[in-house]
A.B. asks: 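Handing you a structure now.
For clarity, every value in this text was computed on a predicted model and none was experimentally measured. Labels below follow one simple rule: chain letters A, B, ... track the order of the sequence lines, proteins then strands, and each chain is numbered from 1.
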There are 2 protein chains.
Amino acid sequence: MSLFEVYTDGACTNNQGEGLQPGGWAAVFVDGPALSGGESATTNNRMEMRAVIEALKNTPPHSHVRIYSDSAYVINCFNQKWIDKWEKNGWMTSSKKPVENKDLWLEMRQLEKERQVEWIKVKGHSGNQWNEMADTLAVAAIPKDKNNDDQSRKEICLYLTQDEKINLLSFLDCNQLNLNDVLKNVLVKLQKLE
Amino acid sequence: MSLFEVYTDGACTNNQGEGLQPGGWAAVFVDGPALSGGESATTNNRMEMRAVIEALKNTPPHSHVRIYSDSAYVINCFNQKWIDKWEKNGWMTSSKKPVENKDLWLEMRQLEKERQVEWIKVKGHSGNQWNEMADTLAVAAIPKDKNNDDQSRKEICLYLTQDEKINLLSFLDCNQLNLNDVLKNVLVKLQKLE
RNA sequence: CGACACCCCCUAGC
DNA sequence: GCTAGGGGGTGTCG
């Protein structure tokens, strides 16, 4: 069974601490391509989660995936079985408040069930090249255009190498955004261009 | 008959678990004003009760009132007829101890008899905007001035909007603190100032 | 024993 | 600021 190792990271501005901020995420496949995207109104934790979701989405079901993240929020949720408890107790935290970001947790849970996932905590900014790259891409993906009318628009870029990136938006007409499918499309398109 | 919907909440510090503590309460009228106040030596349950009492006091007799509270202590007292039993058995709990806070229960009972009251239990901290506002105001109303000589002094503020508040103390000379009366006084005073 | 609140700490990571 | 885990306690009732 194929193994995928993915470094994920999220980033979010935090200017005056008031309300939702613009943020970005990235998922870097070891010895492979990288995905990144941004949202104009989100939180740091939602971006960490989004990075993982996109990573999982782009691996085939039943594959073996190693998710490397510096977010204790995400890693502990699975390694310390928080999510098992939430599913049993109606999504309440230990202090009886509703769990935040339930929508994204459910999405992650579904993807995680269909795969064999290992959750690995890494220290942030510790010189690991993949983690650094994820960090760089996530920050770069934060939307800077404050005049953007579409507040919920997401962008996804495919990095073939660190310098060579392709905006996937042009391939989004293929309803299912699976990395393999997109890669095929990209290759076909490139061949036609040559 | 007019309907009033009011979210009530109480808050109380609990520093070293020793004796009575400062606390606050709030009553938020849906699509209306909000009242809040504090006491320097009280309990959490007395604050929950005080919030309800002030809510009822500020609705006209014979009106239809919906009280929303996260306190099972208060809601069950009426919905599970605890108070009926207490009135019949000389205010003794099921474990034969005297019922606590009888003074406030009597006050609530009197106000409740003069109105048609529905008691509705809500979950604390569950994202309801009115419940959240009551919580915020109750916490904000906790007296912080520890050098206050008058330990029993109560303060009552009228919030016209979340940001705009009027201290009602200056209107307390009108013996009965009814919201409508006070509002009239406030308006008269404001008109004179202009 | 159960329930609902009200708190005080501590920890972890972004 | 965003989020979670864990421990301790009182106020009160059935």
A.B. asks: Closer than 4.0 Å, any side-chain N/O of B:S94 to the OP1 or OP2 of D:dG14?
C.D. replies: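 Yes.
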A.B. asks: With no hydrogens and no angle check, just 3.5 Å: does a side-chain donor-acceptor pair link A:Y7 and A:D135?
C.D. replies: no
A.B. asks: Quick check on the helix from C:rC1-D:dG14 to C:rC14-D:dG1: what's the angle between its two end axes, five base pairs per end, to the nearest 10°?
C.D. replies: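 The two end axes of the helix from C:rC1-D:dG14 to C:rC14-D:dG1 meet at 20°.
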A.B. asks: Using a heavy-atom cut-off of under 4.0 Å over every strand shown, decide if A:K97 touches base, sugar-phosphate, or nothing.
C.D. replies: nothing
A.B. asks: Pick base, sugar-phosphate or nothing for A:V74, based on heavy-atom distances below 4.0 Å to the nucleic acid.
C.D. replies: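 Here A:V74 touches no strand at all.
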A.B. asks: Among C:rC4, D:dT12, D:dT3, which nucleotide has an atom closest to any side-chain atom of A:K96?
C.D. replies: C:rC4
A.B. asks: The side chain of B:D135 is closest to which nucleotide in this list: D:dT12, D:dG14, C:rC6?
C.D. replies: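 The answer is C:rC6.
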A.B. asks: Go through C:rC7, C:rA5, C:rG13 for me and flag the one nearest to the A:K123 side chain.
C.D. replies: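 Closest nucleotide among those given: C:rG13.
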A.B. asks: Which nucleotide wins on minimum distance to the side chain of B:A72, given the candidates D:dG5, C:rC14, C:rC4?
C.D. replies: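 It is C:rC4.
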A.B. asks: Using only modelled atom types and a 3.5 angstrom limit, is any donor from either the side chain of A:N76 or the base of C:rA12 paired with an acceptor on the other?
C.D. replies: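 Result: no qualifying N/O pair found.
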A.B. asks: For C:rG13, take OP1 and OP2 only and decide whether either is under 4.0 Å from a side-chain N or O of A:H125.
C.D. replies: no
A.B. asks: Should the pair B:R50-B:E39 be classified as a salt bridge under the 4.0 Å nitrogen-to-oxygen rule?
C.D. replies: yes
A.B. asks: Whether A:K96 and B:D70 form a salt bridge (side-chain N of Lys/Arg under 4.0 Å from carboxylate O of Asp/Glu) is what I want to check.
C.D. replies: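 A salt bridge is absent here (no side-chain N lies under 4.0 Å from a carboxylate O).
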A.B. asks: Does a side chain donor of either A:E48 or A:Y73 reach within less than 3.5 Å of an acceptor in the other side chain?
C.D. replies: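 No, A:Y73 and A:E48 have no side-chain donor paired with an acceptor closer than 3.5 Å.
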A.B. asks: Across the strands shown, which category fits B:W105 at heavy-atom distances under 4.0 angstrom: base, sugar-phosphate, nothing?
C.D. replies: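 It contacts nothing in the nucleic acid.
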A.B. asks: Taking the minimum atom-to-atom distance to the side chain of B:T93, which one of C:rC6, D:dG5, D:dC13 wins?
C.D. replies: D:dC13
A.B. asks: From the set C:rC4, D:dT12, D:dT3, return the single nucleotide nearest to any side-chain atom of A:E100.
C.D. replies: D:dT3
A.B. asks: The side chain of A:N44 lies closest to which of these nucleotides: C:rC6, D:dG1, C:rA12?
C.D. replies: D:dG1
A.B. asks: Counting heavy atoms from C-beta on, name the nucleotide in D:dG14, D:dA4, C:rC6 closest to the side chain of A:Y73.
C.D. replies: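 Nearest to the side chain of A:Y73 among the choices is D:dA4.
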A.B. asks: Can you tell me how far P of D:dC13 sits from CD1 of B:I83, to the nearest Å?
C.D. replies: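 About 12 Å, once rounded to whole Å.
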A.B. asks: Going by the rule ring pair (Phe, Tyr, Trp, His ring centres under 6.0 Å), which residues pair with A:W119 if we only count those two or more places apart in sequence or in a different chain?
C.D. replies: A:F78
A.B. asks: Which pairs with one or both residues in residues 32-54 of chain A pass ring pair (Phe, Tyr, Trp, His ring centres under 6.0 Å), sequence neighbours excluded?
C.D. replies: none
A.B. asks: Taking OP1 and OP2 of D:dG14, is either one under 4.0 Å from a side-chain nitrogen or oxygen of B:W86?
C.D. replies: yes
A.B. asks: Can you tell which of C:rC7, C:rG13, D:dC13 lies closest to the side chain of A:K121?
C.D. replies: C:rG13
A.B. asks: Does a side-chain N or O of A:T43 approach OP1 or OP2 of D:dT3 to a distance below 4.0 Å, or not?
C.D. replies: yes
A.B. asks: If the threshold is 4.0 Å, N to carboxylate O, is there a salt bridge linking A:R109 and A:E87?
C.D. replies: yes
